[in-house]
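Protein chains get the first letters and strands the later ones, always in sequence-line order, with residue 1 at the start of each. The shown structure was predicted, so the numbers you read here are calculated from the model rather than taken from an experiment.
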2 protein chains.
Amino acid sequence: MLRAIQILGCSSGFISQRLKKPHSGNGFSLIHSKRSYSSTSLSLRPFWAPKSRSFRVIRMLSTQSESNSDAPSSSSYSVAVHSAGNVHKIKFCQWCGGLAKHEIPDGEEKIRAICTICGKIAYQNPKMVVGCLIEHDRKILLCKRNIEPSYGLWTLPAGYLEIGESATEGAIRETWEEAGAEVEVVSPFAQLDIPLIGQTYIIFLAKLKKPQFSPGPESSECCLFELDNIPFDSLAFSSIFVTLNLYIEDVKSGKIKFHYGIINKRSDMRLIALLLLVQCIIVCKGNILNSWE
Amino acid sequence: MLRAIQILGCSSGFISQRLKKPHSGNGFSLIHSKRSYSSTSLSLRPFWAPKSRSFRVIRMLSTQSESNSDAPSSSSYSVAVHSAGNVHKIKFCQWCGGLAKHEIPDGEEKIRAICTICGKIAYQNPKMVVGCLIEHDRKILLCKRNIEPSYGLWTLPAGYLEIGESATEGAIRETWEEAGAEVEVVSPFAQLDIPLIGQTYIIFLAKLKKPQFSPGPESSECCLFELDNIPFDSLAFSSIFVTLNLYIEDVKSGKIKFHYGIINKRSDMRLIALLLLVQCIIVCKGNILNSWE
């Protein structure tokens with residue numbers, strides 16, 4: 001099934017956007033929509049919402065992702081390096097030091113940074129963030145962030161995939177670094193693309209090899225949460241919010257599936273300080289393939 | 001289930017390695033192994049093999065991927081830009097033009113290129129290659145490459161994901177560019193990591209919106225192949241070889257699953273011109289989760 005969810009939220013513009021608990025009546029709402037070929041709904045509960053609160057639900061077609069050229073920037077260089085690429089920020093060739101020009105190369109369609117001396121092109125591509133959804137005694141291991149962005153908020157152990165490691169190796173490494181936990185990957189659980197910031201989250205289901213964990217330097221606390229007690233009002237990133245909701249829905253349905261989704265952030269420059277439109281299209285593998293079974 | 005396959009082959013060192021039809025007795029073999037928690041086998045038929053040929057099959061634990069520091073390089077700059085990162089190739093800061101030093105930053109564990117002027121770090125991360133496995137009338141659409149690497153060999157339409165697009169959008173774009181075909185994505189089919197060259201293949205099952213296709217500039221020919229006639233002896237990349245084998249196995253079993261795998265290329269410098277060890281660990285989601293069903 002293919003499902004579309006739109007969430008109005010805020011963004012920190014780093015790894016993902018940080019969805020904040022909104023003030024009452026400030027325009028935040030949840031738009032939960034289906035594409036023409038969707039077959040079921042996803043009961044996402046916004047983390048700022050009391051369980052009893054109802055939300056405006058609108059059926060609509062999905063929104064296409066937009067170019068990243070106006071992606072939010074930051075004064076921190078780590079954002080410039082880590083988040084979505086902006087070709088105009090590349091001023092020099094990293095191989096020869098020559099000045100870069102910004103043109104569409106022959107046979108291509110996008111503006112690239114091309115070295116005026118050696119002619120090399122500095123391609124920018126999305127980055128993968130890999131992490132683990134760790135199940136233990138029907139609880140989920142979360143880490144409270146001890147660093148910005150989203151300092152003090154809860155997340156799954158996750159981070160950028162490094163060259164030389166597989167996605168599972170990266171997820172296991174990040175879990176060790178952030179939660180001091182040795183885990184075994186059980187299966188892939190979700191791929192969530194965030195085109196506007198040039199990131200793709202790859203989340204694996206995992207289990208503890210030993211019932212031991214402790215916060216690493218990037219975490220102030222690590223805790224196992226029962227599903228009913230997950231701190232949805234203080235999660236660090238939209239991707240974690242979506243992942244945990246998908247997991248809870250799967251547990252309730254009795255069938256864990258692999259999920260593919262797109263979180264589309266569409267920025268309105270006049271409202272960028274407050275609002276980002278987040279659209280999530282979820283493809284749940286299991287149901288699509290009934291025709292093959 | 002988690003499955004490991006090792007294939008000795010050659011490499012072009014670009015998008016993936018190009019597996020060539022070996023000369024008789026030159027050391028090529030297929031090592032097909034299972035991890036401790038594997039439950040079934042994958043009947044990969046090496047594309048250079050006649051259907052009747054048997055291969056040495058060895059049970060073994062999976063091999064861990066290696067650091068990419070000695071990844072094969074190429075005289076073509078496109079390889080330097082596109083394939084696995086080598087931090088020492090970064091000589092200058094692309095933001096300020098300052099000289100780069102190569103050190104382990106505080107709080108990190110890997111050598112990075114750090115600007116001696118502005119202090120920014122040039123992170124290098126794996127790239128995603130996205131593509132479509134297009135089913136039409138129980139046939140698969142393949143493109144004959146009109147460009148290097150692997151000129152004249154067959155591949156699925158696939159290419160590097162761009163910032164600003166989702167994996168599905170990228171796969172649809174690449175299919176249009178390489179095969180002139182408008183497709184609709186049906187579901188995710190496989191994620192195949194190739195750590196040594198810093199690439200991850202994300203392949204989607206797709207179907208033609210219209211039964212029309214024609215080769216784009218990067219293809220000399222596009223054809224629908226019946227499963228029995230797939231040109232396994234002239235495929236362009238190991239990832240395509242693995243993907244098509246997984247698909248055929250799924251079709252035979254009557255159940256299309258999502259597959260996660262790692263293709264580990266382990267280079268032996270003395271033999272690098274001839275041999276690369278390829279290990280593929282396949283996690284087939286469907287069977288792992290029987291306990292949840």
Side-chain angles (χ1 to χ4, degrees), chain A residues 64-69 77 80-82 84-85 89-97 100 107 110 113 118-128 160-169 185-188 191 193 195-196 198 200 202 217 254-256 258 260 262 283 285 288-289 292-293, chain B residues 64-69 77 80-82 84-85 89-97 100 107 110 113 118-128 160-169 185-188 191 193 195-196 198 200 202 217 254-256 258 260 262 283 285 288-289 292-293:
Chain A
Q64 294 302 301
S65 69
E66 298 180 330
S67 164
N68 185 52
S69 58
Y77 78 79
V81 179
H82 269 306
K89 288 183 177 172
I90 299 177
K91 308 284 189 192
F92 299 91
C93 174
Q94 61 183 353
W95 298 284
C96 80
K110 288 205 170 194
C118 72
K120 290 184 182 177
I121 302 170
Y123 288 97
Q124 295 179 295
N125 300 88
K127 296 181 190 295
M128 278 178 281
Y160 287 104
L161 183 63
E162 298 274 1
I163 286 177
E165 65 186 3
S166 67
T168 48
E169 289 168 337
V185 164
V186 177
S187 67
Q191 175 183 340
D193 299 331
L196 189 68
T200 286
I202 308 279
K255 185 172 183 177
I256 304 290
F258 175 74
Y260 169 74
I262 305 162
V283 179
K285 175 78 177 173
I288 288 175
L289 297 173
W292 291 90
E293 293 174 346
Chain B
Q64 294 302 302
S65 68
E66 297 181 330
S67 164
N68 187 52
S69 58
Y77 77 79
V81 179
H82 270 305
K89 288 183 177 173
I90 299 177
K91 308 284 189 192
F92 300 91
C93 174
Q94 60 183 353
W95 299 285
C96 80
K110 288 204 170 195
C118 71
K120 289 183 183 178
I121 303 170
Y123 288 96
Q124 294 179 295
N125 300 89
K127 296 181 189 295
M128 279 179 280
Y160 287 105
L161 183 63
E162 297 274 1
I163 285 177
E165 65 186 3
S166 66
T168 48
E169 288 168 339
V185 164
V186 176
S187 66
Q191 175 182 340
D193 300 331
L196 188 69
T200 285
I202 308 279
K255 185 172 183 177
I256 304 291
F258 175 74
Y260 169 74
I262 305 163
V283 179
K285 175 77 177 172
I288 289 174
L289 297 173
W292 292 90
E293 295 174 344

Output the option from A100(B), C96(B), G107(B) having the highest count of non-hydrogen pairs under 4.5 Å with chain A. C96(B)

So, taking the atom named [atom1] in [X] and the one named [atom2] in [Y], what distance separates them when rounded to the nearest 0.5 Å?
X       : Y       : atom1 : atom2 : value
D193(B) : E169(A) : CG    : CD    : 8.5 Å
F258(B) : S187(A) : CZ    : OG    : 10.0 Å
E162(B) : K110(A) : CD    : NZ    : 4.5 Å
I202(A) : M128(B) : CD1   : CE    : 6.5 Å

Does the side chain of T168(B) reach to within under 4.5 Å of the side chain of Y260(A), using non-hydrogen atoms? yes

If you look at every heavy atom in [X] and [Y], which pair is closest and at what distance?
X       : Y       : result
I262(B) : S166(A) : CD1-OG, 3.4 Å
W95(A)  : K91(B)  : O-CG, 3.5 Å
Q94(B)  : A122(A) : OE1-CB, 4.4 Å
N125(B) : L161(A) : ND2-O, 2.9 Å

Does the ring pair (Phe, Tyr, Trp, His ring centres under 6.0 Å) test come out yes or no for F92(A) and F92(B), once each step is laid out? CA-CA 8 Å; F92(A) 299 91; F92(B) 300 91; 8.8 Å; no

Where does P217(A) contact chain B at under 4.5 Å (heavy atoms): side chain, backbone, both or neither? neither

Contacting moiety of A167(A), where chain B heavy atoms sit under 4.5 Å: both

Between Y160(A) and Y123(B), is there a donor-acceptor pair closer than 3.5 Å when you use the side chain of the first and the backbone of the second? no

